[in-house]
There are 2 protein chains.
Amino acid sequence: MTGRKRQRVTIADVARLAGVATMTASRALNRPEMVSDELRQRVLQSADELNYIPDRAAGGLASGVGLALPVLVPTLHHSVYVQILEGLQERLPQAGYQLMLGSTEYSREKEETLVEVFMGWRPSAIVLSGIDHSERTVRLLRASGVPVVEIMDLAGDTDTPPPLDLNIGFSHSRVGEAVVRYLAPCGYRNIAYAGTLTTLDPRSVRRIQGFQGALKRLGLPHHLIGRSDLPSSLAVGRDLLSGLLEEFPQTDAVFFANDELAAGALFECQRRGLRVPDDLAIMGFSDEEIASHLYPALTTVRIPRHEIGRLAADLLLARLGGSPNTQPPLKQSPIDVGFEIVQRQTTRAPDQHPQEYT
Amino acid sequence: MTGRKRQRVTIADVARLAGVATMTASRALNRPEMVSDELRQRVLQSADELNYIPDRAAGGLASGVGLALPVLVPTLHHSVYVQILEGLQERLPQAGYQLMLGSTEYSREKEETLVEVFMGWRPSAIVLSGIDHSERTVRLLRASGVPVVEIMDLAGDTDTPPPLDLNIGFSHSRVGEAVVRYLAPCGYRNIAYAGTLTTLDPRSVRRIQGFQGALKRLGLPHHLIGRSDLPSSLAVGRDLLSGLLEEFPQTDAVFFANDELAAGALFECQRRGLRVPDDLAIMGFSDEEIASHLYPALTTVRIPRHEIGRLAADLLLARLGGSPNTQPPLKQSPIDVGFEIVQRQTTRAPDQHPQEYT
DNA sequence: TTGAAAGCGCTAACAA
DNA sequence: TTGTTAGCGCTTTCAA
């Protein structure tokens with residue numbers, strides 16, 4: 001009694017009940033305008049009566065059209081990705097696409113495995129986070145001809161690989177630079193970077209490179225780096241701060257890889273009685289909700305996550321729908337959505353006003 | 001040139017290249033032990049050479065076995081659900097099941113729509129959050145015979161509907177009660193509840209009912225309820241607190257619907273110079289990471305989310321795998337995983353020690 | 001406008 | 001052990 005195998009209600013059942021051919025039932029359901037009013041009514045009613053639910057897999061198989069739309073994110077623990085997902089959810093499902101979520105945990109190997117798995121679901125397109133993929137991933141994707149959108153990083157830039165296909169994001173190296181160019185005029189001289197997975201995640205790497213490059217150009221020390229291999233959390237933020245202060249006591253400002261780490265560090269400063277931003281400046285990355293509620297409120301880098309999600313959806317829809325006349329004047333991909341430094345209270349006010357960097 | 005329609009590599013291609021029948025290729029790939037070493041080698045090599053990726057939809061269609069496993073959560077903004085998802089991800093994908101995520105936004109109608117959509121993907125089972133569903137959802141699910149796991153609430157309890165099938169969670173009304181039974185001995189007399197979606201989400205409703213019932217039994221006021229219709233956030237937590245203090249200035253303790261709201265309220269207390277827990281006690285629900293890092297650290301209710309995810313996966317695997325001899329001594333569903341009050345600094349120490357409630 | 005036949009890619013069942 | 005046939009549920013194509 002492992003579940004009596006319930007006979008699935010098929011379109012043939014619906015057709016039979018309505019007294020029409022299977023094909024007519026199919027048309028009544030999918031292209032109503034091709035069927036006479038009367039038959040359409042009968043079919044719709046039968047379908048309803050039988051609780052008919054069309055089998056997408058069979059439909060896709062027959063029509064050659066895939067409706068699965070895999071989205072690969074590194075993690076769901078950062079609200080950034082949750083919000084991107086929401087941006088995508090806003091339009092894609094109602095266009096008939098089924099979002100499938102995969103989490104790569106910042107690993108190229110996991111990404112590769114997930115891409116393989118998802119390719120088996122006849123994806124109509126695929127959304128990838130980042131622009132750094134394994135060779136096999138690239139080969140698989142190229143060979144399949146499936147549209148790809150890479151998000152959250154900017155491909156084809158001076159220091160990044162070319163885009164696989166569509167791309168929308170911002171430059172992480174420029175974020176690193178911008179932070180230095182923001183903090184230096186505030187009078188900070190020993191500016192540190194602190195992050196997790198700093199070797200694993202190519203986006204962190206580029207952020208650090210931009211950061212260090214800018215420091216070098218200003219003649220400031222660029223060796224103040226705090227690293228952790230643990231996934232990021234408030235606790236790790238505390239540890240990162242402690243480690244940094246121990247190793248480099250001269251540190252007077254820290255740029256964290258995300259707001260969560262920065263918040264943890266801020267809590268640690270409170271515990272230690274360190275005054276922020278007088279003794280130490282703290283800067284985050286992402287501008288998550290907590291940033292503005294912390295005390296003092298966190299200076300951070302805002303990235304347009306929701307917009308990334310929505311734009312990715314638009315790009316995809318335009319690419320897939322291919323409605324040839326509605327041809328929307330789509331911006332040329334890669335699209336740089338830029339970022340913005342949000343000045344709050346964990347850094348001293350700069351001499352110059354904050355500006356938008358793209 | 002809307003994407004040259006790349007010829008998909010099928011198992012027939014693989015078979016042809018290997019010089020075997022399609023069926024042999026299929027067996028070499030899926031039941032290797034049924035094929036001679038030599039042919040298996042040839043097939044595997046051909047598959048690799050052609051970058052063959054099996055079409056799950058076609059496979060499922062032919063074999064009658066579905067591999068999609070939809071998971072419906074109310075939101076991804078609470079880390080609780082992210083962690084449950086992780087618990088599920090730990091085992092299900094490697095057993096070949098494809099998790100499909102849907103977010104209901106606490107709406108029964110959205111849930112119904114999602115269930116309908118997902119039923120079209122030949123799900124092998126389906127995971128639902130909560131035990132309150134629309135009539136049509138129940139009918140659809142029942143008719144399909146698909147195994148269902150309801151999580152995060154306890155069905156078949158005195159005040160809850162019977163389970164659809166498998167169930168694993170805890171009693172929200174007992175949480176409400178337990179909180180009162182915890183706070184009262186600490187000397188609090190005007191204990192308020194504050195939450196969002198308090199009318200929409202049946203779990204909130206039951207929590208409030210348990211809460212009010214316990215207050216009544218103790219002869220304490222039970223009308224101190226703060227509500228908001230916005231989705232929960234730190235900002236709403238602040239507002240909720242402000243509203244409560246304005247409407248019921250006598251309030252001396254507040255039980256929030258989640259830790260995020262409680263954190264927001266705590267920030268608001270800081271801003272107002274209110275001393276916690278001396279002037280006001282704050283209690284959260286969920287024990288998210290931030291709870292222990294706040295200052296003062298948040299007293300809250302811990303729920304075993306990761307365990308819920310893992311147990312749900314186990315239950316499902318046992319139900320689906322049906323390996324008849326390995327018949328694991330599965331606990332009888334519904335499974336009550338209980339909860340636990342975590343005493344920290346936002347409430348005064350009670351006369352009696354905290355206890356586990358199930 | 002409606003219907004019949006064929007087949008999408010794969011595997012269960014049977015035959016060799 | 002291997003191959004052949006049929007068919008999963010649906011839609012495309014073509015004919016009526």
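Below, chains carry the letters A, B, ... as their sequence lines are ordered, and counting in each starts from 1. Quantities reported herein were computed from a predicted structural model and do not represent experimental measurements.
- Listed nucleotides: C:dG9, C:dA12, C:dT2. Nearest to the side chain of B:D55: C:dG9.
- Nearest to the side-chain atoms of B:T10 among the listed nucleotides C:dT11, D:dC10, C:dC10 stands C:dC10.
- Residue contacts shown for B:R122 are limited to sugar-phosphate atoms, with no base heavy atom under 4.0 Å away.
- Atom P of nucleotide D:dG9 and atom CZ of A:R16 are separated by 11 Å, given to the nearest angstrom.
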Legend entry - Residues B:R319, B:D165; criterion salt bridge (charged side-chain N to carboxylate O under 4.0 Å, His left out); working and verdict: CA-CA 11 Å; B:R319 186 80 141 67; B:D165 186 8; 2.8 Å; yes
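- Between D:dC10 and A:S63, no contact under 4.0 Å exists linking OP1 or OP2 to a side-chain N or O.
- Set against D:dG3, C:dT11, D:dT2, the side chain of B:S36 has D:dT2 as its closest nucleotide.
- Regarding B:M119, its CE atom lies at a distance of 14 Å from the P atom of D:dG9, rounded to whole Å.
- Across C:dG9, D:dG3, D:dT11, the shortest atom-to-atom separation from the side chain of B:R27 is found for D:dG3.
- Between A:Y52 and B:R40, the residue whose closest nucleotide on DNA chain D is further toward the 5' end is B:R40.
- The distance from atom CZ of B:R56 to atom P of D:dG9 is 20 Å, rounded to the nearest whole Å.
- For the pair B:I11 CD1 and C:dG7 P, the interatomic distance rounds to 20 Å; values are reported in whole Å.
- Place B:D37 and B:L61 on DNA chain D by their nearest nucleotides, and B:D37 ends up nearer the 5' end.
- Nucleic acid contact for B:G64: none, since no nucleic acid atom lies under 4.0 Å from a heavy atom of the residue.
- Side-chain atoms of A:E90 and A:H306 include a donor-acceptor pair closer than 3.5 Å.
- In summary, the side chains of B:S103 and B:E105 do present a donor paired with an acceptor at a separation below 3.5 Å, with no hydrogens or angles considered.
- When each of B:A57 and B:R31 is assigned the nucleotide of DNA chain C bearing its nearest heavy atom, the one mapping closer to the 5' terminus is B:A57.
- For A:T24, counting side-chain heavy atoms from C-beta on, the closest listed nucleotide (C:dC10, D:dT12, C:dT2) is C:dT2.
- Put simply, CE on B:M34 is 12 Å from C1' on D:dG3, counting in whole angstrom units.
- Side-chain N/O atoms of B:T104 and B:S107 include no donor and acceptor closer than 3.5 Å.
- Side chains of A:E112 and A:H133: a donor-acceptor N/O pair is absent below 3.5 angstrom, by distance only.
- Here D:dC10 presents its P atom at 14 Å from CH2 of B:W121, a figure rounded to the nearest Å.
- Base engagement by A:A62 is indicated by at least one non-hydrogen atom pair under 4.0 Å involving a base atom.
- The CD atom of B:Q41 sits 16 Å away from the P atom of D:dT1 (whole-angstrom rounding).
- Residue B:M23 has its side chain nearest to D:dG3 when only C:dG3, C:dC10, D:dG3 are considered.
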